[in-house]
2 protein chains.
Amino acid sequence: MRSTSRNGEGSAANDDRSEVIAQLAEVFRTYGYEGASLTRITQGTGLGKGSLYHLFPGGKDEMAQAVLAHIDLWFELNVFAPLRENAAEADDDYPQRIAHMFDACGRYFLSGRKVCLVGAFALDSTRDRFADAVRGYFVRWAEALHAALLRAGHPSHEAAALTEDILGGIQGALVLARAVNQADIFTRTLERLQERVKRAAAAHAGQKRNKT
Amino acid sequence: MRSTSRNGEGSAANDDRSEVIAQLAEVFRTYGYEGASLTRITQGTGLGKGSLYHLFPGGKDEMAQAVLAHIDLWFELNVFAPLRENAAEADDDYPQRIAHMFDACGRYFLSGRKVCLVGAFALDSTRDRFADAVRGYFVRWAEALHAALLRAGHPSHEAAALTEDILGGIQGALVLARAVNQADIFTRTLERLQERVKRAAAAHAGQKRNKT
DNA sequence: GTCTATATAGGGATAGAC
DNA sequence: GTCTATCCCTATATAGAC
């Protein structure tokens, strides 16, 4: 029953692969790309080198690429897509979508106890190796958030500024939280960012009311 | 004339060492701690292994420690100390000191083209190796900035929030700027952070005026 | 598919000539 | 002080048995 040899992309195999990728992500997050030796990867996954190279013929590079794709998919499904306009519900509650984003981020980064692998890769020469994945992750996040902020009624320049402050604020809070070993810095930062968005939105509502 | 053998800590030797440390910093910033191999360090400094181990008997670990100490000293002199209260000029212009901090940071990080090595070290297991240096850097920065904000008239909770937002905002902007290869994200973020401080300060001044 | 054994290169670090 | 040569270890990757 476990065999999926007939359909090479069976769901059991996918689950296995998914599980391995999650473990790989943990290793890369802990040690960085250069620091993630095959020995550590072997320990972290419980697989021998043979199995690893069978799953990822391209070696470490392909493993990291798979991890980045996995992260990207998660954010695409749980963060970016929910932010974006949806034809079926074009008049949706955008402030709520933005709140959902903060929520998802808080959960994903374990309230500041888990760092952003993409951000970590961005800081050294690892970025160049995975330039497209690193860039794409932030660009698509920024685009989705910016569009949602516009839809929520923020003027263009403010939406752009908020987008940078939010994405940067999240990354920076993760750095800071880990540097001083205080995860709650991340939680507080998320709350303040969300509060700033609400205040800005309320200010526009107030201006509209005054005008009419 | 170049010999400083009699006084082992002669100024010429210090300059040499300082120059080497600056080059080491560049290598660590580019490749990260794990990625900074002795071969790359050799190329980046122009020194052979013999010279390197003569200068830093503790090897790579000591090199990185020296770099961190060097960075720390720079920030102590150019950022932290100017922020702090000074007995000789206790009634100084604290808003201006804060402006000076933003200025110094903008210059140090080359307007977003240079990352923060301490922040980069914080993100993976390198942090544990240099835990004290990493933690101390951010803690002392935070303390100095927080005190300056209090002195500038910000209420306690606001000063604490601004401190986290500013330190985190700077780190995050550096991550973001490098991730998408747009240094101006950093510049803009610095300007907005500074603007927020000014607005908050102005609001308090306004409240005071209304009260009296 | 997963293991063991091995190949080959490069890692950090040291010794000793100069 | 700086270089060259060399040490030993670990790195990534592959081959082939099972």
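These numbers were taken from a predicted model, which means no experiment stands behind them. Within every chain, numbering begins at 1; the chains are lettered A, B, ... in the order of the sequence lines, protein sequences first and strands thereafter.
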| field | Contact list for DNA chain D against residues 36-48 of chain A - heavy-atom distance below 4.0 Å | value | A:A36, A:S37, A:L38, A:T39
| message | Which label fits A:F109 and A:F75: parallel for a plane angle under 30°, tilted from 30 to 60°, or perpendicular past 60°? | response | tilted
| request: Hey, could you give me each pair passing side chain to side chain donor-acceptor pair (under 3.5 Å) that has a residue in residues 111-121 of chain B? Not counting sequence neighbours. | output: none
| said: Using whole Å, what does the distance between atom P of nucleotide C:dG1 and atom CG of A:D16 come to? | reply: 10 Å
| task | Would you give the length of the straight line joining atom CG of B:L52 to atom CG of B:L38, rounded to the nearest 0.5 angstrom? | result | 7.0 Å
| query | For B:R140, which residues count as a salt bridge (charged side-chain N to carboxylate O under 4.0 Å, His left out) partner, sequence neighbours excluded? | reply | B:D72, B:E76
| note | Rounded to whole Å, the CD-P distance (A:E62 to D:dT12) equals 15 Å
| task | Not counting sequence neighbours, which residues clear ring-ring contact (aromatic ring centres under 6.0 Å, His included) with A:F121? List them please. | result | A:F130
| said: Per the salt bridge (Lys or Arg N to Asp or Glu O under 4.0 Å) rule, what does the pair list look like for residues 176-190 of chain B, sequence neighbours excluded? | reply: A:E164-B:R188, B:D184-B:R188
| query | Which residues within residues 52-60 of chain B lie with some heavy atom under 4.0 Å of an atom in DNA chain C? | reply | B:Y53, B:G59, B:K60
| note | Within residues 22-29 of chain B, the residues having a heavy atom closer than 4.0 Å to DNA chain C are none
| note | To the nearest angstrom, the CD-P distance between A:E19 and C:dG1 comes to 17 Å
| query | Whole-Å distance between D:dT12 C1' and B:E34 CD? | reply | 15 Å
Pairs of donor and acceptor atoms involving the side chains of residues 54-69 of chain B, under 3.5 Å and at least two apart or interchain, shall be tabulated with distances.
{"residue": "B:K60", "atom": "NZ", "partner": "B:Y33", "partner atom": "O", "Å": "2.8"}
{"residue": "B:K60", "atom": "NZ", "partner": "B:A36", "partner atom": "O", "Å": "3.1"}
{"residue": "B:D61", "atom": "OD2", "partner": "B:R129", "partner atom": "NH1", "Å": "2.9"}
{"residue": "B:E62", "atom": "OE1", "partner": "B:G58", "partner atom": "N", "Å": "2.5"}

| Value rounded to 0.5 Å, distance of CG in B:L145 from OG1 in B:T163 | 4.0 Å
| To the nearest Å, how far apart are A:K49 NZ and C:dA5 C1'? | 10 Å
Using the 3.5 Å cut-off, write out each protein N or O paired with an N or O of nucleotides 16-18 of chain D and the distance between them.
none

| request: List for me each residue that meets salt bridge (charged side-chain N to carboxylate O under 4.0 Å, His left out) alongside B:R40, sequence neighbours excluded, and say none if there are none. | output: none
| message | Once salt bridge (charged side-chain N to carboxylate O under 4.0 Å, His left out) is applied, do any residues pair with A:D165, and if so which ones, sequence neighbours excluded? | response | A:R196, B:R192
| task | Mind telling me whether A:Y137 and A:W141 have parallel, tilted or perpendicular rings, with 30° and 60° as the class edges? | result | perpendicular
| remark: Applied to residues 21-38 of chain A, the salt bridge (Lys or Arg N to Asp or Glu O under 4.0 Å) test, sequence neighbours excluded, yields none
| said: Counting C-beta onward and ignoring hydrogens, is there a side-chain heavy-atom pair between B:L149 and B:Y94 closer than 4.5 Å? | reply: no
